[in-house]
Amino acid sequence: MRGEAERLGPQRAAVSTAWASLRAVYMIWRRDLLRFWRDRARVLGSLVQPLLFLILLGTGLSSALRAAGGSTFAGGLDYQHFIYPGIIGMSVLFSSIFSGMSIIWDRDFGFLKEVLVAPIDRSAVAIGKTLGGASQATIGGLILLILSPFFGVHLGALDALELVGLIFCIAFALTAVGVAVASRMQSMMGFQFVLNFLVQPAFFLSGALFPLQGLPAWMTPLTRIDPLSYGVDPIRRVVLSASGLPSPLIDRLSLTLLGQPVPILLDVGIMLAFGAVLLAIAVVNFRHQQ
Amino acid sequence: MDETVVETRGLIKTYGRVEAVRGIDLAVHRGEVFGFLGPNGAGKSTTISILCTLLSPTAGQALVAGYDVTRQPGAVRARIGLVFQDPSLDDQLTARENLEFHAFLYNVPRAERRRRIDGVLEMVELTERAGSLVRTFSGGMKRRLEIARGIVHYPEVLFLDEPTIGLDPQTRNRIWEYLHALRRREEITIFMTTHYMDEAEQCDRIAIIDHGQIIAQGTPEELKAGVGGDVVTVTTRNPALAADEIRRAFELEPAVDGSNLRLEVADGASFVPRLVRDLTVPVSAVTLSRPTLDHVFLKLTGKAIRDEEVDQKDAMRMMHQRWARRR
Ligand SMILES: Nc1ncnc2c1ncn2[C@@H]1O[C@H](COP(=O)(O)OP(=O)(O)OP(=O)(O)O)[C@@H](O)[C@H]1O
Ligand SMILES: [Mg+2]
């Protein structure tokens, strides 16, 4: 036993820090997914809210619009179909926020200390948590994609693949927000504040429930600084074009910047840049944490 | 071989206006069990946090396993194991998963991992429950698992912050058995804090800390020898008067603690009869004892290290933790 301990010491020190950090990212990510899998009931529970919006609000408003104007929401498009991409965005948003909360729980339960005292670069904590949360959010989005036929949305395999990629990018950026906020926060109470004053407005301003064109002058800028707008927009473009809607109509229902429709790549670029900045903030915060 | 593995020089930590640690000098030798003894709020956890790189000192220097805790925190972290005062397990994972997570983060080679984890589980007698969620464990089982986790990666120094707090005497004894077994099996240095006197007695050397300062350091025997001879405790309804009489008759300075008077005498057995003969104040009890660390602490600080109030504080803390956990 004694000889072994001596042999292991130097060997351990020789492992490069980059490799050790990668391993730590993997382990932290893995733990998140393990807990996610253990807590399947909660996962299903987290789908209730999006489904309520889709089924009740979607069906209700679709019928109301037909009854009022005798027509669909826009050019043959049902309201339910219109909000479907927005609700995916919502599910990703709330699930990302949950990852932020899980960090505060870890702090409360002391587990965070165990990670912070380990011989790893603290950036691994921020990155591992962000990837873990993003993976969970993506799984939630995936379930909604699988349910798409029930909401009159029919997607090809390639569209679905593109959507999964998009959802992961958005989930990554939004989880980075949650992790960055939680990296500085000591209590759940503070998080409640964030939830009410940042997350809810972000949802309503994102274009999830209504198009972001022709809004009052005070509202338009708010929707444009809402990062979620750049998440809902590309999902909607892919879903609507997969449903065969003409592109002028899609452009009319989508996000514009300075009067120009925003291409999907720009949406994704903005989203990823935003996520990268917040992840960097989270890394700095964890590095300086005592 | 008296190689130093933990060393501090003039260690200071202030939180705003609170001076938690006020100039601590320590030297812990390789392979010993070093006890850090002090009452609540003395600065024990603060010192451990600094040694484990979780806090940076306001001033002073600390070396652990030969590395500076502020300049080479990574090297220190790779060489230490730590059992926190407050629980730090993931209770949604199983015991084995907690250990795997830890072993992986600490780079225990793949081939070793399994064997090592099985070994520590066996040592703390949790082999049978390895696959159960930690949520279903009792407090003592969780504590044992945390100790197992602290050593799974072959640390050179194991820091234990009140490893037995809130546990029943039986579990406390078991934990001590593990620690002694551990020390026999592996070349490991154990640095532990406690405010149980009987635990401090089991350490090779101890340092007594109060108000952020070390007030005594040495083996338990050395410290007790410092008290001098035997301790005689006199219980009386009129301590002030009794103290007066003792001062006059024996030229001794008794320490008054409620209705108790404590005296240090060279030969207790021959002193007690003389005392009983000469005192006019009614005495309800006289006890003669060998000095304990309690007496050492009393002598150095003039107060008992652990009284009912402190016990209650710990009980409250445990209750609060349990409650926090349930949320
Ligand atoms: N984060 C903090 N901010 C301000 N003061 C602190 C902080 N942590 C500890 N202190 C103060 O520093 C002093 C030493 O605390 P510490 O936790 O080191 O004591 P301890 O010896 O471990 O006590 P216990 O036996 O209760 O665990 C106390 O007065 C405490 O109030
Ligand atoms: Mg403490």
Side-chain angles (χ1 to χ4, degrees), chain A residues 1-17 19-39 42 101-102 104-122 124-125 128 187-189 287-290, chain B residues 31 49-50 52-56 65 67 73-94 97-98 100-109 112 115-116 119 133-135 146 149-151 153-156 159 182 184-188 321 324-325 327:
Chain A
M1 268 306 191
R2 180 163 301 186
E4 216 165 59
E6 276 161 12
R7 258 201 347 268
L8 277 166
Q11 189 183 333
R12 209 173 39 216
V15 177
S16 90
T17 35
W19 177 236
S21 301
L22 262 182
R23 286 165 53 96
V25 166
Y26 163 73
M27 211 54 193
I28 292 167
W29 171 82
R30 204 184 91 129
R31 164 180 176 253
D32 260 19
L33 288 198
L34 246 172
R35 287 172 63 108
F36 179 78
W37 180 243
R38 294 261 149 85
D39 214 0
R42 180 183 62 73
M101 291 203 308
S102 81
I104 296 181
W105 271 320
D106 281 348
R107 202 193 300 280
D108 251 19
F109 277 64
F111 188 77
L112 194 62
K113 273 191 295 191
E114 144 83 354
V115 180
L116 293 182
V117 79
I120 54 168
D121 193 302
R122 298 269 176 90
V125 184
S187 76
M188 264 332 185
M189 239 113 90
R287 283 221 175 113
H288 292 201
Q289 199 138 105
Q290 294 220 323
Chain B
S49 297
I50 294 172
C52 296
T53 77
L54 284 172
L55 267 184
S56 46
Y67 296 91
V76 172
R77 285 184 201 156
R79 286 165 182 78
I80 60 171
L82 174 55
V83 175
F84 296 96
Q85 181 166 0
D86 301 322
S88 65
L89 294 164
D90 183 341
D91 62 3
Q92 309 254 53
L93 299 186
T94 65
E97 283 163 353
N98 267 287
E100 273 167 355
F101 182 88
H102 186 91
F104 203 94
L105 283 197
Y106 283 76
N107 269 314
V108 177
E112 285 285 317
R115 203 162 59 77
R116 185 68 185 168
L133 292 185
V134 171
R135 194 160 30 125
E146 285 189 300
R149 185 179 68 179
I151 56 173
H153 59 283
Y154 306 92
E156 278 180 52
F159 290 93
L182 181 68
R184 277 195 302 277
R185 259 178 33 188
E186 301 181 23
E187 188 165 290
I188 191 169
Q321 278 163 13
R325 226 131 292 269
R327 268 183 307 167

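None of these values were measured; they are calculated from a predicted model. A note on names: the letters A, B, ... follow the listed sequences, proteins ahead of strands, and every chain is numbered from 1.
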Asker: Go through the atoms of A:Leu112 and report whether side chain, backbone, both or neither lie under 4.5 Å from a heavy atom of chain B.
Answerer: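 A:Leu112 has no heavy atom closer than 4.5 Å to chain B.
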Asker: Looking at NZ of A:Lys113 and CG of B:Leu54, how far apart are the two atoms once the value is rounded to the nearest 0.5 Å?
Answerer: 8.0 Å
Asker: One pair to check against salt bridge (Lys or Arg N to Asp or Glu O under 4.0 Å): A:Arg38 and B:Glu97. What are the steps and the verdict?
Answerer: CA-CA 13 Å; A:Arg38 294 261 149 85; B:Glu97 283 163 353; 2.7 Å; yes
Asker: Which distance, rounded to the nearest 0.5 Å, do you find between the OG of B:Ser88 and the CG of A:Leu116?
Answerer: 11.0 Å
Asker: Against chain A, label B:Leu133 side chain, backbone, both or neither, depending on which of its atoms sit under 4.5 Å from a heavy atom there.
Answerer: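 Contact with chain A involves the side chain of B:Leu133 alone.
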Asker: What's the separation between atom CG in B:Asp90 and atom CD in A:Glu114, rounded to the nearest 0.5 Å?
Answerer: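 Going from the CG atom of B:Asp90 to the CD atom of A:Glu114 covers 9.5 Å.
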Asker: For A:Leu34, which atoms come within 4.5 Å of any heavy atom of chain B: side chain, backbone, both, or neither?
Answerer: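 Only the side chain of A:Leu34 comes within 4.5 Å of chain B.
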Asker: Indicate the atoms forming the closest heavy-atom contact of B:Gly74 with A:Pro119, along with that distance.
Answerer: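 Heavy-atom minimum between the residues: O-CB, 4.1 Å.
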Asker: Given side chains that start at C-beta, do those of B:Glu100 and A:Arg31 come closer than 4.5 Å, heavy atoms only?
Answerer: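 B:Glu100 vs A:Arg31: side chains apart.
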Asker: Measure centre to centre between the rings of B:Phe101 and A:Phe111, then say whether the value is under 6.0 Å.
Answerer: yes
Asker: Considering residues at least two apart in sequence or located in another chain, which fulfil the side chain to side chain donor-acceptor pair (under 3.5 Å) criterion with B:Arg77?
Answerer: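 B:Thr53.
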Asker: Measuring from B:Phe104:CZ to A:Ile120:CD1, what's the distance to the nearest 0.5 Å?
Answerer: 11.5 Å
Asker: I'd like to know whether CZ of A:Arg30 has more than 12 heavy-atom contacts from other residues, nucleotides or ligands below 6.0 angstrom.
Answerer: no
Asker: With sequence neighbours excluded, tell me which residues meet side chain to side chain donor-acceptor pair (under 3.5 Å) with A:Arg42.
Answerer: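 For A:Arg42, the residues satisfying side chain to side chain donor-acceptor pair (under 3.5 Å) (neighbours in sequence not counted) are A:Asp39.
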Asker: So which part of B:Leu82 gets closer than 4.5 Å to some heavy atom of chain A, the side chain, the backbone, both or neither?
Answerer: side chain
